[in-house]
Amino acid sequence: QVHLAESGGGSVQAGGSLRLSCAHPAWTAKWNCMAWFRQSPGGRERERVASIQMGDDTIKYPRSVTGRFAISRDLAENTIYLQMNSLKPEDTGMYYCAAEPTGWICDKLSKHYPHWGQGIQVTVSS
């Protein structure tokens, strides 16, 4: 199991911002994809909120966060970031960093990602 270490969660009011970080081993920089998923309170499935294809920096977001969330990476620090702006109460949940070693695209479904961080809580109050 690859160690992915998330940090940066917390509680904010609606309209606020948070930045999540995911530190990953240097050798995973050549993997196919890194992504952020979230699981809402009581939610059964983890929803992908951002992904970045490591080979060509192709980025994907669902409509629910487009324009508010931004994924980026720092090659020198071996870290993936998720900048979250204009946060809404419905953004509340556990956020997970995930890695997909192989493939041609960043998959939407969590089942395609074998490596996960421990998760970090984000709470947005109205």
Q: If I take atom OG from residue Ser64 and atom CD from residue Glu90, how far apart are they, to the nearest 0.5 angstrom?
A: 9.0 Å
Q: Could you check Met34 against Ser51 for side chain to side chain contact (heavy atoms under 4.5 Å, CB included), going step by step and ending with a plain yes or no?
A: CA-CA 6 Å; Met34 297 290 292; Ser51 62; over 6 Å; no
Q: Restricting to pairs with a member in residues 13-29, which pass salt bridge (Lys or Arg N to Asp or Glu O under 4.0 Å), not counting sequence neighbours?
A: none
Q: How close do Ser17 and Ser86 get, counting heavy atoms only, and between which atoms?
A: OG-N, 4.3 Å
Q: By side-chain hydrogen bond (donor to acceptor under 3.5 Å, both in side chains), which residues pair with Glu100, not counting sequence neighbours?
A: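 If we apply the side-chain hydrogen bond (donor to acceptor under 3.5 Å, both in side chains) test to Glu100, skipping adjacent residues, the hits are Asn32.
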Q: Should the pair Trp116 and Tyr96 be assigned to parallel (<30°), tilted (30 to 60°) or perpendicular (>60°) ring geometry?
A: perpendicular
Q: For residues Val49 and Tyr61, report the shortest heavy-atom separation together with the two atoms involved.
A: O-CD2, 3.5 Å
Q: If two hydrophobic side chains count as joined below 4.5 Å and joins carry through other members, does Ile71 share a cluster with Trp31?
A: yes
Q: Any salt bridge (Lys or Arg N to Asp or Glu O under 4.0 Å) involving residues 53-72? Give me the pairs, sequence neighbours left out, ordered by first then second residue.
A: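 For residues 53-72: Asp57-Arg73, Arg68-Asp91.
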Q: Yes or no on side chain to side chain contact (heavy atoms under 4.5 Å, CB included) for Cys22 and Tyr81, after CA distance, side-chain angles and deciding distance?
A: CA-CA 6 Å; Cys22 172; Tyr81 299 101; over 6 Å; no
Q: Using the rule given for side chain to side chain contact (heavy atoms under 4.5 Å, CB included), can you reason through Glu6 versus Trp36, listing the C-alpha separation, both sets of side-chain angles and the distance that settles it, and then say yes or no?
A: CA-CA 10 Å; Glu6 300 115 332; Trp36 286 96; 3.9 Å; yes
Q: Look at atom CD of Gln118 and say whether more than 12 heavy atoms of other residues, nucleotides or ligands are closer to it than 6.0 Å.
A: yes
Q: Compute whether any side-chain donor of one residue and acceptor of the other, for Thr79 and Asp74, lie under 3.5 angstrom apart.
A: no
Q: Is Met84 linked to Ile52 within one hydrophobic cluster, defined over Ile, Leu, Val, Met, Phe, Trp and Tyr using a side-chain heavy-atom separation of less than 4.5 Å?
A: yes
Q: Side-chain heavy atoms nearer than 4.5 Å, only ILVMFWY residues, links allowed to pass through others: does that put Phe69 and Ile120 together?
A: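 As far as the 4.5 Å side-chain criterion goes, Ile120 and Phe69 are connected within one cluster.
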Q: If you look only at distance, which donor and acceptor atoms sit under 3.5 Å apart when one is on a side chain in residues 103-112 and the other is two or more places apart or in another chain?
A:
none

Q: Do Leu87 and Met94 belong to the same hydrophobic cluster, where Ile, Leu, Val, Met, Phe, Trp and Tyr are linked whenever their side-chain heavy atoms lie under 4.5 Å apart, directly or via other members?
A: no
Q: May I ask you to check whether Gln121 and Thr123 show a side-chain donor-acceptor distance below 3.5 Å?
A: yes
Q: Sequence neighbours left out, what pairs pass salt bridge (Lys or Arg N to Asp or Glu O under 4.0 Å) with at least one residue falling in residues 42-52?
A: Arg38-Glu47
Q: For the pair Thr28 (side chain) and His24 (backbone), establish whether a donor and an acceptor sit closer than 3.5 Å, ignoring hydrogens and angles.
A: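 Flag not set: sc Thr28 to bb His24 has no pair under 3.5 Å.
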Q: Side chains of Pro25 and Val2, heavy atoms from C-beta outward: is any pair under 4.5 Å?
A: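 A side-chain contact exists here, since the closest heavy-atom pair is under 4.5 Å.
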Q: Would you check, one step at a time, whether the test side chain to side chain contact (heavy atoms under 4.5 Å, CB included) holds for Lys30 with Met54?
A: CA-CA 7 Å; Lys30 294 187 177 181; Met54 304 295 266; over 6 Å; no
Q: Do the side chains of Val65 and Tyr113 join up, straight or via other hydrophobic residues, at under 4.5 Å, putting them in one cluster?
A: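 As far as the 4.5 Å side-chain criterion goes, Tyr113 and Val65 are not connected within one cluster.
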Q: For Ser125, enumerate each residue passing the side-chain hydrogen bond (donor to acceptor under 3.5 Å, both in side chains) test, keeping only those at least two apart in sequence or located in another chain.
A: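 Residues passing side-chain hydrogen bond (donor to acceptor under 3.5 Å, both in side chains) with Ser125: none at all.
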